[in-house]
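Please read all numbers here as calculations on a predicted model, not as lab measurements. Both ligands and their constituent atoms are indexed starting at 1 by order of listing. Numbers here simply count residues along the sequence, with the first being 1.
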Amino acid sequence: MSNQIQLAVHGAAGRMGRRVVALAAEDKDIQITAAIDHADNGLIGQDAGLVAGIAALDVLLSPDWPNYASVMIDFSLPVAVDGCVAKCVAAKMPLVIATTGLNDVQKEAIAAAAKLIPIVWAPSMSTAVNLTMKVAQQITETLKHVAGGVDIEIIERHHRFKADAPSGTALRFGELIAEKMDGDVKHVHGREGETGQRTRNEIGYHAVRVGDNPGEHTIVFGMMGERIEINVAASNRDCYASGAIAAAKFLQGKPAGLYSMFDVLGLS
Ligand SMILES: NC(=O)C1=CN([C@@H]2O[C@H](COP(=O)(O)OP(=O)(O)OC[C@H]3O[C@@H](n4cnc5c(N)ncnc54)[C@H](OP(=O)(O)O)[C@@H]3O)[C@@H](O)[C@H]2O)C=CC1
Ligand SMILES: O=C(O)C1=N[C@H](C(=O)O)C[C@H](O)C1
């Protein structure tokens with residue numbers, strides 16, 4: 001029997017699902033065994049490899065769930081995530097969740113599921129983004145007591161098709177930065193009208209939607225007299241797809257638990 005990881009992809013017809021299929025097909029340690037999307041998707045029944053722009057894989061896009069896979073990678077929609085989590089728990093299948101825009105109830109369900117199966121859950125699978133999150137925390141810790149104070153704002157840019165705002169990554173940047181600030185932090189989403197002066201303990205979020213941008217985040221640390229901006233930008237979607245595949249490999253043999261990309265990348 002093959003030692004290859006048997007990979008199932010949820011949301012396989014989507015922008016990210018296709019890149020996961022294309023990159024996983026090149027990986028000698030992986031065999032793609034299921035490509036799942038919802039029954040109404042117009043590509044159901046087509047070969048997942050051809051849909052991904054590579055050679056046929058003999059794996060058809062299907063709404064049906066496999067009885068077994070070594071791991072599931074999910075890049076779908078919030079509405080589809082609950083079912084995916086439930087199916088993976090029932091099948092005791094390790095799961096990588098990359099979908100963003102989840103609500104608090106869904107996040108709690110993921111935490112509960114992680115008591116039963118190993119799950120990597122992260123709003124960005126990119127190495128560069130996760131490293132930048134650590135850098136942003138370090139800068140915050142260093143600047144929070146600077147004379148005159150520091151104002152922190154997060155600007156994210158994504159393609160016009162993105163369904164959620166601000167990005168899951170921007171929200172995670174904000175959570176991680178807030179952990180390093182003193183006192184209660186107010187999260188402010190955009191500004192309009194008679195806002196009054198900016199208060200010191202807030203983090204601002206700004207979501208830009210333009211063209212085909214595959215994802216870019218700028219964290220601005222504004223002080224009196226000078227400013228730091230850190231920018232992390234994807235050139236294409238493969239940074240996320242390859243990160244998800246690394247997470248899928250990381251989960252092999254892991255006990256139940258909720259893991260992050262910091263764990264996968266050794267940044268914890
Ligand atoms: N963590 C990370 O690193 C990254 C996360 N993302 C996130 O991943 C998600 C997907 O992004 P993207 O690929 O661009 O989006 P797409 O809309 O291109 O892909 C989503 C896919 O899921 C399908 N889908 C819809 N409903 C269901 C369902 N009920 N069951 C199964 N599949 C379903 C969609 O089908 P249909 O088109 O017919 O609706 C589509 O094929 C988003 O939440 C995005 O924010 C994206 C990039 C990186
Ligand atoms: O929808 C996208 O494209 C992306 N979504 C993720 C997010 O919301 O943070 C990650 C990445 O920035 C691309």
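For Gly11, no nitrogen or oxygen atom sits less than 3.5 Å from a nitrogen or oxygen atom of ligand 1, counting backbone and side chain alike. Of the N or O atoms in His159, none lie within a sub-3.5 Å distance of an N or O in ligand 1. Note: no N/O pair closer than 3.5 Å links Ser126 and ligand 1 by distance alone.
Looking at Arg15, Arg172, His159, Glu216, it is His159 that brings a heavy atom closest to atom 3 (O) of ligand 2. Considering each of Gly14, Pro123, Ser76, the one bringing a non-hydrogen atom nearest atom 10 (C) of ligand 1 is Ser76. Heavy-atom proximity to atom 12 (O) of ligand 2, evaluated over Met16, His158, Arg237, Met125, is greatest for His158. Here the shortest heavy-atom distance to atom 6 (C) of ligand 2, taken over Ala98, Pro123, Gly168, belongs to Pro123.
Heavy-atom contacts of Pro214 reach the following atoms of ligand 2: 13 (C) (cutoff under 4.0 Å). Close contacts of ligand 2 with Lys162, meaning ligand atoms under 4.0 Å from a residue heavy atom, involve 1 (O), 2 (C), 4 (C), 5 (N), 6 (C), 7 (C), 8 (O). Taking every non-hydrogen atom of Lys162 and a distance limit under 4.0 Å, the qualifying atoms of ligand 1 come out as 45 (O). Every atom of ligand 2 is numbered from 1 in the order shown, and the set under 4.0 Å from a heavy atom of Tyr240 is 11 (C), 12 (O), 13 (C).
Protein heavy atom at the shortest distance from atom 48 (C) of ligand 1 is Tyr240 CG, 3.4 Å. In this structure, the protein non-hydrogen atom closest to atom 44 (C) of ligand 1 is Thr100 OG1, 3.7 Å. In terms of protein heavy atoms, atom 36 (P) of ligand 1 is closest to His38 NE2, 3.3 Å. Shortest contact from atom 32 (N) of ligand 1 to any protein heavy atom: Asp37 OD1, 3.4 Å.
Remark: the His206 side chain and the Glu156 side chain contain no N/O donor-acceptor pair separated by less than 3.5 Å. Side chain to side chain, Ser167 and His158 fail the donor-acceptor criterion of an N or O pair below 3.5 Å. For the residue pair Thr140/Gln137, the side-chain donor-acceptor check at 3.5 Å is not satisfied.
Between Asp164 and Lys162, at least one side-chain N (NZ, or NE/NH1/NH2) sits under 4.0 Å from a carboxylate O, which counts as a salt bridge. A salt bridge between Asp27 and Lys249 is present, with a side-chain N of the basic residue lying under 4.0 Å from a carboxylate O of the acidic one.
Within 6.0 Å of the CG atom in Asn67, the count of heavy atoms belonging to other residues, nucleotides or ligands does not exceed 12.
Classified by interplanar angle (parallel below 30°, tilted 30° to 60°, perpendicular above 60°), the ring pair Trp65/His10 is tilted. Tyr205 and His189 have parallel rings, their planes meeting at less than 30° on a 0 to 90° scale where 60° marks the start of perpendicular.
Using a 4.0 Å cut-off between heavy atoms, Arg237 makes no contact with ligand 1 at all.
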